[in-house]
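So the structure is just underneath, and the comments pick up after that.
Counting from 1, the numbers follow the sequence of the chain as shown.
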Amino acid sequence: MTTGIFLKLLTMLLASNGAPILAARLLGSRASIPVDFNKRLGDGNAIFGVSKTWRGICAALLTACILAELFDFGLTFGLLFGCNVMLGDLISSFMKRRCGLRPSDRSIGLDQLPESLLPALYSCFSMELVWWWAVVLSLAFMLLQLLVSKPLFLLNIRKRPY
């Protein structure tokens, strides 16, 4: 994998993941419909939680598609990349709710790996790259997420400073 492709994929990961947060910041509660429609499972916890919204999914998919087009990866790649980001994010939220964690509670690894590893593996598969680049990309994403969290909190973009 070239450095250029790596940086483009990392940018797509960061932007697709951050798009729902920015959409919530810009739109407030408008169009904030939870993906799980506020349903709860037998454990009493939400399926995903109120912070996982259809608006956020749309924002992530749109961002992934726009960046994929700008980076000459193609619209289909962008759509599938964004779907993998959101699928990983929903898996993470589902697991956190089963553990009794609230939305935005910190869980290092669980907060970053599913939403980065799924699109990274998809990228390696579709671009015919060696599998271990998915691990490197996921770890780079995790490190950057942890590094930018406090500055984003100080800018009132994130709700919690971790």
According to a 4.5 Å side-chain heavy-atom criterion applied to Ile, Leu, Val, Met, Phe, Trp and Tyr, with indirect links allowed, do [X] and [Y] form part of one hydrophobic cluster?
X	Y	value
Phe125	Leu10	no
Leu75	Leu62	no
Leu121	Leu87	no
Val50	Val35	no

Exercise: identify the closest heavy-atom pair between [X] and [Y]:
X	Y	value
Ala134	Cys124	N-SG, 3.4 Å
Met12	Gly78	CE-CA, 4.3 Å
Val148	Pro151	O-CD, 3.3 Å
Gly74	Glu69	C-OE2, 3.3 Å
Leu61	Gly82	CD2-C, 3.3 Å
Gln112	Phe141	O-CE2, 3.7 Å

Flag, side chain of [X] to backbone of [Y], donor-acceptor distance under 3.5 Å:
X	Y	answer
Ser138	Leu117	yes
Arg40	Ile47	no
Ser16	Leu13	no
Ser92	Gly88	no
Asn84	Leu80	yes

Note, [X] side chain near [Y] side chain (heavy atom, < 4.5 Å):
X	Y	answer
Trp133	Val130	yes
Ile33	Arg55	no
Leu101	Ser107	yes
Leu118	Ile91	yes
Thr3	Leu7	yes
Phe94	Leu41	yes
Val135	Leu139	yes
Lys8	Leu70	no

Taking atom [atom1] of [X] and atom [atom2] of [Y], what is their separation to the nearest 0.5 Å?
X	Y	atom1	atom2	value
Cys83	Tyr122	SG	OH	9.5 Å
Asp111	Asn17	CG	CG	9.5 Å
Phe37	Phe48	CZ	CZ	11.0 Å
Met142	Glu115	CE	CD	10.5 Å
Leu90	Met95	CG	CE	13.0 Å

Give the intermediate values and the outcome of side-chain contact (heavy atoms from CB on, under 4.5 Å) for residues Val136 and Phe6. CA-CA 9 Å; Val136 173; Phe6 180 83; 3.8 Å; yes
Indicate yes or no: does Lys52 engage Asp36 in a salt bridge with an N to O separation below 4.0 Å. no
Are any of the side-chain nitrogens in Asp43 or Arg97 under 4.0 Å away from the carboxylate oxygens of its partner? no
Report the C-alpha separation of Phe73 and Leu9 in whole Å, then their side-chain angles, then the decisive distance to 0.1 Å, and conclude whether the side-chain contact (heavy atoms from CB on, under 4.5 Å) test is met. CA-CA 10 Å; Phe73 294 152; Leu9 291 173; 3.9 Å; yes
Ring centroid separation for Phe77 and Phe71, is it under 6.0 angstrom? no
